[in-house]
Visitor: 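Quick one: structure below, then a few questions.
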Amino acid sequence: MKKFMSLAAITAAALALSACGGTANSSAESATSKADNADKSITLWLAGGDTPDELRDYLKKEFNSTTGASLKIEEQGWGDLVTKMTTALPDAENTPDVVEMGNTQSPTFTNVGAFLELDDMYDELGGDALIPSFVEAGSVDGTKFTLPYYAGSRYMFMRNDLWKEAGVETPETLEEFNTAVKTITKENPRDIKNFSGFFIGGQDWRNGVSWIFANGGDLAKKVDGQWESSLSDPKTVKGLEQLQDLYRNASKAPSDAKDVTPWLYINDADQILDDDGKPTGKTSLAAATIMAPGWAHFSIGDLKKGEDERSWNEKKFGSFVLPGVDGEPAPVLAGGSNIGISAKSQHPELSKELMRIIFSADYQKMLGKAGLGPANSEYNDALGDDQFAQAAIASATNSKLTPAAPGWAAVESSEILEEFFGKIRDSSDLEALAKEYDAKITPKLNMK
């Protein structure tokens with residue numbers, strides 16, 4: 001999901017974690033007696049600040065009430081999470097007991113035995129109602145080691161007013177979308193400088209990969225037991241060609257722009273004004289359409305007078321699911337996290353009790369009410385029934401994850417995909433460019 005450690009550090013991680021094994025510490029205790037657990041404590045690592053304080057307090061209170069033990073929650077930053085996991089997970093004295101990690105980080109650690117097997121709990125924790133792509137990312141040869149914590153599918157946010165002024169309607173297929181945003185850019189109804197019908201950064205592969213997925217391509221495939229980069233697959237190249245067309249004819253985003261704060265450009269799709277409301281002559285990167293995870297809607301809208309909060313104006317702003325080639329929701333890259341129990345935890349049974357609480361109906365509904373897609377699809381209605389909830393649920397129905405290759409974290413940490421996508425706009429031979437990067441990426445995919 002985020003930036004990771006260096007390639008060399010990933011290699012060291014694999015070597016260090018290979019000694020972890022897949023069984024829990026022999027000092028594991030029973031979690032059946034509250035009195036026996038009164039002096040015990042386990043540690044939960046949460047990644048970033050997405051889990052609200054209300055949910056953290058609930059976990060602590062419910063865990064203590066259920067087991068008699070205490071729960072310590074430590075927040076880890078996304079930037080150094082992999083480094084800290086690499087150091088802590090092999091160390092039985094210092095390992096966190098339960099760990100949240102990015103869904104794309106999971107394969108690197110599950111492939112080297114860093115987490116406890118969860119097959120015996122799978123049905124109890126939700127079974128086939130759990131997000132399949134996340135379950136796959138946390139599995140090795142069918143054995144489950146981490147499970148989804150929350151999800152956030154990507155969908156489109158639009159300026160209704162700019163689409164209407166350009167005479168373009170909400171698209172029903174991917175081809176219609178591509179045509180629409182190019183038309184809006186060309187029409188530029190308010191003569192806005194640096195205006196994008198669809199703002200997508202040159203290095204924004206996490207959103208750009210949707211065009212690859214929609215055309216039946218992928219980033220990598222497993223062939224005869226080994227992972228191979230598949231950027232030069234004809235289906236992938238078809239998606240890259242469409243993306244190149246958008247880079248050239250719909251987006252004015254810089255070639256080195258990533259998937260960071262795109263809502264800035266849809267909020268301020270106008271000339272920059274001074275305090276008196278007069279044009280300053282300066283220009284901004286403005287957009288009629290962006291693509292972002294669902295929680296971005298909290299950052300979109302008009303500022304309330306004298307406040308920092310934004311107010312959603314339905315005449316001005318709208319949202320819709322990116323349509324696929326067949327009119328069904330396009331396959332989009334799902335954001336979110338997985339969660340698992342450290343194989344070196346000295347309290348595996350208590351850790352399992354925490355997992356039961358996290359996957360309980362009450363907590364899953366609390367995640368939904370907080371705007372985070374529940375791990376268990378049976379509780380999606382907790383997201384609400386507004387346009388954002390509807391878009392989030394619809395886009396999640398066909399979402400995908402990055403390949404579950406053991407070296408995927410190494411691929412992301414090297415930022416080689418950013419490098420590749422940043423060259424798409426100006427490439428005169430996409431197939432040759434794709435083959436060049438297939439050769440660079442394939443060796444990284446199979447690192448353990």
Side-chain angles (χ1 to χ4, degrees), residues 154-215 237-255 257 259 262-272 283-292 296-297 300-301 312-332 387 391 394-395 421 424-428 430:
R154 301 163 189 270
Y155 52 90
M156 316 306 293
F157 295 89
M158 66 192 296
R159 281 286 295 265
N160 286 333
D161 51 351
L162 295 175
W163 277 63
K164 183 177 181 180
E165 290 169 23
V168 178
E169 297 183 354
T170 304
E172 296 184 359
T173 66
L174 185 63
E175 182 179 1
E176 288 182 4
F177 174 85
N178 295 343
T179 300
V181 292
K182 288 188 293 182
T183 299
I184 296 170
T185 305
K186 182 179 179 181
E187 291 296 323
N188 193 357
R190 299 183 188 176
D191 195 26
I192 301 171
K193 294 182 179 180
N194 294 329
F195 176 71
S196 300
F198 173 43
F199 183 98
I200 181 167
Q203 293 190 6
D204 182 4
W205 65 268
R206 291 177 176 84
N207 284 317
V209 74
S210 298
W211 278 260
I212 293 175
F213 291 161
N215 285 280
V237 172
K238 184 176 181 179
L240 294 175
E241 290 171 346
Q242 293 178 3
L243 192 59
Q244 183 183 62
D245 186 25
L246 293 177
Y247 281 142
R248 291 176 174 178
N249 299 302
S251 179
K252 298 294 176 64
S255 59
D259 58 331
W263 44 84
L264 295 177
Y265 315 119
I266 192 173
N267 282 332
D268 303 317
D270 227 325
Q271 296 285 345
I272 296 177
T283 58
S284 62
L285 290 168
T289 319
I290 63 168
M291 186 175 186
H297 83 263
I300 296 173
W312 184 272
N313 179 343
E314 292 193 1
K315 290 185 177 180
K316 189 173 183 180
F317 299 97
S319 61
F320 63 93
V321 176
L322 178 68
V325 295
D326 56 359
E328 295 298 317
V332 296
Q387 61 178 299
S395 62
F421 272 71
I424 291 174
R425 182 198 299 267
D426 298 324
S427 175
S428 59
L430 279 175

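Side-chain atoms are counted along with the backbone in the values below, which use heavy atoms only and exclude waters and symmetry mates.
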Visitor: Please step through salt bridge (charged side-chain N to carboxylate O under 4.0 Å, His left out) for the pair Asp245 and Lys182, ending with a clear verdict.
Guide: CA-CA 9 Å; Asp245 186 25; Lys182 288 188 293 182; 2.6 Å; yes

Visitor: Please report the interatomic distance CG(Leu240) to CD1(Ile212), rounded to the nearest 0.5 Å.
Guide: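 Spacing of CG (Leu240) from CD1 (Ile212) equals 4.5 Å.
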
Visitor: Whether the side chain of Arg154 engages the backbone of Asn207 through a donor-acceptor N/O pair (distance < 3.5 Å, no angle test) should be reported.
Guide: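 No.
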
Visitor: Should the heavy atoms of other residues, nucleotides or ligands under 6.0 Å from NZ of Lys316 be counted, would the total exceed 12?
Guide: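 Yes, NZ of Lys316 has more than 12 neighbouring heavy atoms, counting only those of other groups under 6.0 Å.
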
Visitor: When you measure from the side chain of Asp204 to the backbone N and O of Ile200, does any donor-acceptor pair fall under 3.5 Å?
Guide: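 Here the side-chain-to-backbone pair does not exist.
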
Visitor: Checking the side chain of Ser210 only, and the main-chain atoms of Val332 only, is there a donor and an acceptor separated by less than 3.5 Å?
Guide: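 Here the side-chain-to-backbone pair does not exist.
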
Visitor: Is the ring centre of Phe157 less than 6.0 Å from the ring centre of Phe320?
Guide: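 Not close enough - the centres of the two rings lie 6.0 Å or further apart.
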
Visitor: Do the side chain of Thr179 and the main chain of Glu176 share a donor and acceptor less than 3.5 angstrom apart?
Guide: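 No, the answer is negative, given that no donor and acceptor are paired below the 3.5 Å cut-off.
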
Visitor: Determine whether the aromatic ring centres of residues Phe198 and Trp211 are separated by less than 6.0 angstrom.
Guide: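 Here the rings of Phe198 and Trp211 have centres that are less than 6.0 Å from each other.
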
Visitor: Within the distance-only criterion (no hydrogens, no angle test), does the side chain of Gln244 pair as donor or acceptor with the backbone N or O of Ser427 below 3.5 angstrom?
Guide: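 Yes, the answer is positive, given that a donor and an acceptor are paired below the 3.5 Å cut-off.
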
Visitor: Could you check whether any side-chain N or O of Thr185 sits under 3.5 Å from a backbone N or O of Gly197, counting only pairs where one atom can act as donor and the other as acceptor?
Guide: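 Yes; judged by distance alone, with no hydrogens or angles, the pair exists.
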
Visitor: If we ignore hydrogens and angles and just use 3.5 Å, is the side chain of Tyr247 paired with the main-chain N or O of Ile424 as donor and acceptor?
Guide: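 The answer is no, because no donor-acceptor pair under 3.5 Å joins these two groups.
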
Visitor: Could you give the distance from CG (Leu285) to CZ (Phe195), rounded to the nearest 0.5 Å?
Guide: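 These two atoms lie 12.0 Å from each other.
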
Visitor: If we check side chain to side chain contact (heavy atoms under 4.5 Å, CB included) with Met156, which of these qualifies: Val321, Val181, Leu322, Ile290?
Guide: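 Exactly one pass, corresponding to Leu322.
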
Visitor: To the closest 0.5 Å, what do you measure between CD (Glu241) and CG (Leu430)?
Guide: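 That separation rounds to 6.0 Å.
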
Visitor: Between Arg159 and Phe317, is NZ or CZ placed under 6.0 angstrom from the six-membered ring centre and within 45° of the ring axis?
Guide: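 Yes, Arg159 and Phe317 form such a contact.
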
